[in-house]
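So the structure is just underneath, and the comments pick up after that.
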Number of protein chains: 2
Amino acid sequence: MPPSTPNLTHVACSNCCLNEVCTPLNIANIGITVKDNFVERRLPVAKDTVLILGANEEHYLYAITSGSFKLIADNDNQSHRACLGFRFAGELLGESALSGNKSPYTAIALEDAHVCRLSTHTASTVNTQMPEFSNRIIRLLSNQLHDSLKTHALYQGSASAEEKVIAFLTEVSLKYRRAGQNHLVFTLPMSRSDIADYLGLTKETLSRSLTRLSEEQKIYCSAKHIELLDSRLTNYSL
Amino acid sequence: MPPSTPNLTHVACSNCCLNEVCTPLNIANIGITVKDNFVERRLPVAKDTVLILGANEEHYLYAITSGSFKLIADNDNQSHRACLGFRFAGELLGESALSGNKSPYTAIALEDAHVCRLSTHTASTVNTQMPEFSNRIIRLLSNQLHDSLKTHALYQGSASAEEKVIAFLTEVSLKYRRAGQNHLVFTLPMSRSDIADYLGLTKETLSRSLTRLSEEQKIYCSAKHIELLDSRLTNYSL
DNA sequence: CGATGACTTGACTGCTGTCAACGTGCGTGG
DNA sequence: CCACGCACGTTGACAGCAGTCAAGTCATCG
């Protein structure tokens, strides 16, 4: 495995999905800020590290603060078509941990990364003491469900290969925008095979679609470097 | 619109996703059962009724107790390929309400149905008073996320039209099983067009796939009546 | 019984998958 | 420094499956 090109730029806490959960609870009758007790912050994760979420009775909610991950299905019956999605800085991993479920996916770091994590045990303990913390967790999960549904809707209308690729670029662009980074010019951290698996295409068809989109001046694409030139690709909001 | 064939069989509360939330909280320091105050129970919904979830600042979490719904995307840019999924008795509607988001889908009753509902205002009020209630809501949302991811994984490996149809029948079968109903012999409440939209196929291709599956003795299919004959279709678990 | 809509079947086109060859970037080793 | 191997990505040729258009069948309801 080649050495990683480290992405040392952490996403700002204000752009992180766990921000509300991380933000100190200034509760009058407790009078302390509890942030650092709850969330373990900025743990390094080396490229290609496999995060099996929810094994060994240890359940954590992770927030990615730098780097990116790909999600693969645990059902090892089929090695192909196993890529379930991607997560970038500011996004959550292990979102089904709070029901005690093992995550239905395994996350693999696409580059050197950092994560913050909250143990579900800690979360449930704090919940019983601070209703406001519960409400923050509930908003987090509800927002996550909303995102999940919107993303589904984004892809639902895509019939042709080219439409699927456009939907993918739109999704990635949105993730960069949320992270407070450039959402018109960015790097794709994953391989063409991963993208193709995710979209239900072959890597050849994906490659041809990218070539055609380049020819149509809708994007500029050179290897993993992408520039979006067509406003249709960036108008979507989740 | 033709009259509905009413499905008067309610799902048992024990098989409902809201069961935990509905179950009385026997809290010592309150000493009351509060079920009926929180959840409005078994409201009738006529066939073809459109449920716009989260309009007018009214946000509710719904549980279907009888009947079924189809989910369509709100983005009316494309009338085709708009079907996002289906929900059966025992399942949730409006799951992103608790973050104050308008639901990204609209639900339409496929047959006369009944729903229970919990207003988000009630939920947040109770949350601040009863930590155990919060934990139940959190488990509900986390389970919902888990389901959503598992369903995604179920379809991810499906390359051909026939595999998509098999995944669909597997999903529907699972929903009936969860509802405590026969999951090997059942009725499809939605049209072929709805299924085709959902799967990203044309209704012609869907029809041909069903015919082929029948010829291969994997299913018996007569109009909306389905029987699963191949164990591969029923081994999946979410 | 006829009208309407839903579903199925058929013929044909076209897009996507398959298989293969080639090009490119990068690290290793001569 | 360059040659080489390897992995990744692109391009080409061809076949097969799914989409399109059209016709026919079936179910339901007035």
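Everything quoted here is computed from the prediction, not taken from an experiment.
Rounded to whole Å, atom P of dT16(C) lies 14 Å from atom CG of Leu201(B). When the P atom of dA18(D) is taken as reference, atom CG of Asp197(B) falls 17 Å away, rounded to whole Å. When rounded to the nearest whole Å, the span between NZ of Lys47(B) and P of dT28(D) equals 11 Å. The separation between Arg192(B) atom CZ and dC26(D) atom P is 15 Å, rounded to whole Å. The separation between Leu199(A) atom CG and dG17(C) atom C1' is 15 Å, rounded to whole Å. Atom C1' of nucleotide dC15(C) and atom NZ of Lys164(A) are separated by 12 Å, given to the nearest angstrom. With rounding to whole Å, Glu163(B) atom CD is found 12 Å from dG17(C) atom P. One interatomic measurement links the two molecules: NE2 of His225(A) to P of dT24(C), which rounds to 19 Å at whole-angstrom precision.
Considering only residues two or more places apart in sequence or on other chains, Thr205(B) meets the side-chain hydrogen bond (donor to acceptor under 3.5 Å, both in side chains) condition with Thr202(B). Considering only residues two or more places apart in sequence or on other chains, Lys70(B) meets the salt bridge (Lys or Arg N to Asp or Glu O under 4.0 Å) condition with Asp194(B). With sequence neighbours left out, Ala223(A) forms a side-chain contact (heavy atoms from CB on, under 4.5 Å) with no residue at all. Arg212(B) is linked by a salt bridge (Lys or Arg N to Asp or Glu O under 4.0 Å) to Glu162(B), counting only residues two or more places apart in sequence or in another chain. Residues forming a side-chain contact (heavy atoms from CB on, under 4.5 Å) with Ser99(A) (at least two apart in sequence, or on another chain): Asn101(A), Ser142(B), Asn143(B).
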Output a table of nitrogen or oxygen pairs between the protein and nucleotides 11-15 of chain D separated by less than 3.5 Å.
from	atom 1	to	atom 2	distance (Å)
dT11(D)	OP2	Thr211(A)	OG1	2.8
dG12(D)	N7	Arg208(A)	NH1	2.9
dG12(D)	O6	Arg208(A)	NH2	3.3

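Checking Glu40(A) against Tyr60(A) by side-chain atom types alone, no donor-acceptor pair falls below 3.5 Å.
Here Lys224(B) lies in heavy-atom contact (under 4.0 Å) with sugar-phosphate atoms only.
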